[in-house]
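Remember, predicted model here, so these are calculated numbers, not experimental data.
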Amino acid sequence: MQEFGKKSPVSLTDLGLNVATAHWNLSSEELVQASLALGQGVLNDTGALCVNTGKFTGRSPKDKFTVKDNITEHSVDWGDVNIPVTPDVFDRLFVKVCGYLAGKEVWVRDSYACADPAYRLNILVVNETPWANLFCNDLFLRPSASEIETQKHDWLIIQAPGFHADPATDGTRQGNFTMVNFTRKVILIGGSAYTGEMKKGIFGVLNFIMPHDHSVLSMHCSANEGKNGDVALFFGLSGTGKTTLSADPNRALIGDDEHGWADKTVFNFEGGCYAKCIDLSHEKEPEIYAAIKPGALLENINFYPGSNVVDYADARITENTRAAYPIHFIANSKEPSYGGLPKNIFFLTCDAFGILPPISKLTKAQAMYHFISGYTAKVAGTEVGVTEPQTTFSACFGRVFLPLHPAKYAELLGKKLEADTDINVWLVNTGWSGGAYGTGSRMKLKYTRSMITAAMNGELNGATYEPHPVFGILMPNAVPNVPSEILSPRNTWADKEAYDKKANELAQLFIKNFAKYADQANDEIRSAAPVVLVSTE
């Protein structure tokens with residue numbers, strides 16, 4: 001085996017990998033050149049590498065498995081989200097994947113997760129393609145050259161998109177799979193080149209380790225910090241605005257997607273950003289637009305005809321076009337990427353019904369209720385088969401990433417809100433106004449930014465509020481730089497009776513969804529449920 005580049009002490013052979021050539025810890029420039037030489041990508045006009053991930057342009061949650069063994073059997077919340085496989089199934093596939101990679105060229109990277117040194121998780125990644133290794137360089141945290149020489153990995157990722165499982169003999173649903181083994185501390189990926197499987201694979205691992213082993217609340221959220229050290233958290237599923245709204249030129253970006261909330265810090269799990277870039281423009285998202293430069297990776301985009309200029313409105317391949325880049329590509333990012341405790345928490349929801357206010361303040365009970373509910377709409381392209389917004393409830397705004405029961409994360413959030421009563425929690429609707437999807441229009445980004453800025457600057461502390469008649473959440477009567485008529489969503493509907501009917505329908509969906517958590521919720525949380533005012537029969 002030939003090995004090139006500075007490497008950690010680990011031996012690939014000892015891991016079961018007998019490859020022909022291993023490229024260790026190449027620079028982003030070297031990885032880009034390797035991708036171009038292999039014909040696996042092209043450069044756009046700003047110097048970013050553009051690739052196509054093939055058949056899979058989003059995650060495939062139904063093909064993600066967790067090994068059920070002594071560590072996970074009584075801890076993991078098994079079901080449709082956490083699908084079990086036996087250790088034997090994993091072991092056989094591991095041998096097959098290693099056999100597939102035997103004699104091939106691979107790209108290897110030492111990296112880590114968790115910016116707070118107290119919780120650092122060292123990761124070794126083995127990729128079949130150089131551009132996937134570039135993604136890992138962009139998204140995971142990067143050890144120094146001296147750290148690499150002595151770094152021992154805690155977890156191993158092997159990504160072999162060219163290997164396809166045989167469902168009849170390998171225990172998978174189809175040819176692609178992601179398998180997580182907490183005993184062997186390995187994430188095994190085959191049949192899919194979509195890089196988000198690696199990112200979310202590690203996120204799932206941290207969602208187990210952080211609450212289970214450290215009592216740290218792991219969160220699917222972005223975070224930024226004001227000049228006075230005030231930290232804000234933005235919860236939400238992909239497509240609700242976490243990345244966009246946390247990229248604020250007046251605040252330091254801690255991270256755009258995954259964080260831990262410890263006793264004294266909020267810290268980024270990652271070292272980069274993975275931004276949706278459908279309809280990206282310099283005007284709407286200048287920080288993200290400027291980050292697409294040499295070293296960044298663009299996935300599944302199209303160019304304007306006869307050019308290498310990206311047409312960000314082109315969704316012919318997928319709505320889930322993505323840009324990956326190191327966090328320091330955002331000019332005002334904070335390094336190291338952690339801060340103090342939060343002062344404002346925003347639950348971002350993309351309400352396809354057009355019922356929820358564009359911003360509302362939540363009581364502690366309402367905060368717990370909406371955190372457990374995690375209402376939003378899945379945005380087109382984020383998952384395989386989703387072509388338009390679909391109403392969904394995703395507990396803790398990230399159910400598909402949670403190995404433990406949602407009550408575990410909700411319990412941790414409740415303890416933190418009880419410990420600091422000065423934290424403000426807001427529900428922000430980045431979805432529809434003036435009607436449901438297909439009738440109304442998407443909330444303007446500039447208004448959402450103004451509302452969030454006002455909340456963080458304390459401009460809503462003295463505002464006058466009125467409760468929503470169905471959901472009880474508190475709607476401000478005025479917000480600087482926002483038309484007052486949009487603050488109460490009923491006012492934006494031409495047909496007020498249609499609004500009332502749809503509000504009751506949404507309330508019934510909330511109540512039905514919450515039923516599965518009600519026996520683990522206290523009376524205070526249950527009291528925050530919406531109230532159906534009239535029958536929808």
Side-chain angles (χ1 to χ4, degrees), residues 58-59 61 196 199-200 203 219-224 232-248 253 255-259 273-280 284-285 287-288 318-323 344-360 362 367 370-383 386-402 406 409 425-433 436-437 440-453 455-456 471 473 489 506 509-510 513:
R59 291 178 296 101
K199 165 187 161 68
K200 291 306 185 185
F203 186 39
M219 305 177 291
H220 187 213
C221 73
S222 57
N224 62 26
L233 304 180
F234 301 80
F235 285 85
L237 294 179
S238 296
T240 55
K242 294 193 315 302
T243 300
T244 299
L245 294 169
S246 58
D248 185 329
L253 178 68
D256 83 321
D257 194 39
E258 304 170 3
H259 292 82
C273 304
Y274 194 38
K276 285 178 70 73
C277 55
I278 192 71
D279 293 324
L280 179 67
K284 291 194 300 183
E285 299 169 283
E287 292 81 18
I288 297 172
T318 178
E319 288 273 351
N320 193 36
T321 52
R322 291 279 181 167
N344 287 281
I345 298 174
F346 299 94
F347 294 160
L348 306 177
T349 180
C350 174
D351 177 21
F353 278 107
I355 296 302
L356 297 177
I359 188 167
S360 52
L362 306 183
H370 283 272
F371 184 66
I372 294 174
S373 298
Y375 166 66
T376 191
K378 289 181 180 178
V379 177
T382 302
E383 291 185 8
V386 178
T387 57
E388 62 181 42
Q390 297 178 359
T391 300
T392 188
F393 291 89
S394 183
C396 311
F397 296 96
R399 179 70 183 96
V400 294
F401 311 127
L402 305 181
Y409 308 94
V425 185
W426 310 88
L427 182 67
V428 175
N429 176 19
T430 64
W432 278 260
S433 178
Y437 173 77
S441 57
R442 193 84 189 254
M443 182 62 57
K444 290 184 178 180
L445 178 60
K446 66 177 182 179
Y447 293 153
T448 301
R449 286 193 185 278
S450 293
M451 289 181 278
I452 286 175
T453 297
M456 291 190 296
F471 285 85
I473 51 184
L506 182 58
L509 290 175
F510 265 82
N513 171 74

Review point. What do the steps show when you test Val428 against Thr448 for side-chain contact (heavy atoms from CB on, under 4.5 Å), and what is the final call?
Key: CA-CA 8 Å; Val428 175; Thr448 301; 3.9 Å; yes
Quick one, [X] and [Y] - any side-chain contact, counting heavy atoms below 4.5 Å?
X      : Y      : result
Phe471 : Leu356 : yes
Phe346 : Met456 : yes
Thr243 : Glu285 : no
Ile452 : Leu245 : yes
Cys396 : Phe371 : yes
Leu253 : Cys273 : yes
Thr392 : Thr376 : yes
Met443 : Thr430 : no

Nearest-0.5 Å distance that lies between atom [atom1] in [X] and atom [atom2] in [Y]:
X      : Y      : atom1 : atom2 : answer
Ser373 : Asn513 : OG    : CG    : 5.5 Å
Asn429 : Thr349 : CG    : OG1   : 6.0 Å
Lys284 : Lys444 : NZ    : NZ    : 12.5 Å
Ser394 : Phe401 : OG    : CZ    : 7.5 Å
Leu506 : Thr391 : CG    : OG1   : 7.5 Å
His370 : Phe393 : NE2   : CZ    : 9.5 Å

**Study point:** Residues which pass side-chain hydrogen bond (donor to acceptor under 3.5 Å, both in side chains) with Tyr375, listed by chain and number, not counting sequence neighbours
**Key:**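 By the side-chain hydrogen bond (donor to acceptor under 3.5 Å, both in side chains) rule, Tyr375 matches Asp351.
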Ignoring hydrogens and geometry, is there a side-chain-to-backbone donor-acceptor pair from [X] to [Y] under 3.5 Å?
X      : Y      : answer
Arg322 : Tyr274 : yes
His220 : Phe397 : yes
Lys242 : Glu258 : no
Ser222 : Ser246 : no
Arg399 : Leu402 : yes

Minimum heavy-atom distance between [X] and [Y], given as atom pair plus value:
X      : Y      : result
Asp257 : Lys200 : OD2-NZ, 2.6 Å
Pro489 : Gly354 : CB-O, 4.2 Å
Phe234 : Leu348 : CB-CD1, 4.1 Å
Thr244 : Arg449 : O-NH2, 3.2 Å
Ala367 : Val425 : CB-CG1, 3.8 Å

Check your understanding: Counting only heavy atoms not in Lys446, do more than 12 fall under 6.0 Å of its NZ?
Key ->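 It does not: Lys446 NZ has 12 such atoms or fewer within range.
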**Study point:** Option passing side chain to side chain contact (heavy atoms under 4.5 Å, CB included) with Ile345 (candidates Leu233, Leu362, Leu427)
**Key:**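 So the option named by the test is Leu233.
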Exercise for review: Describe, in one word, how the ring planes of Phe347 and Phe235 are oriented to each other, choosing from parallel (under 30°), tilted (30 to 60°) and perpendicular (over 60°).
Suggested key: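 Because their plane-to-plane angle is over 60°, the rings of Phe347 and Phe235 count as perpendicular.
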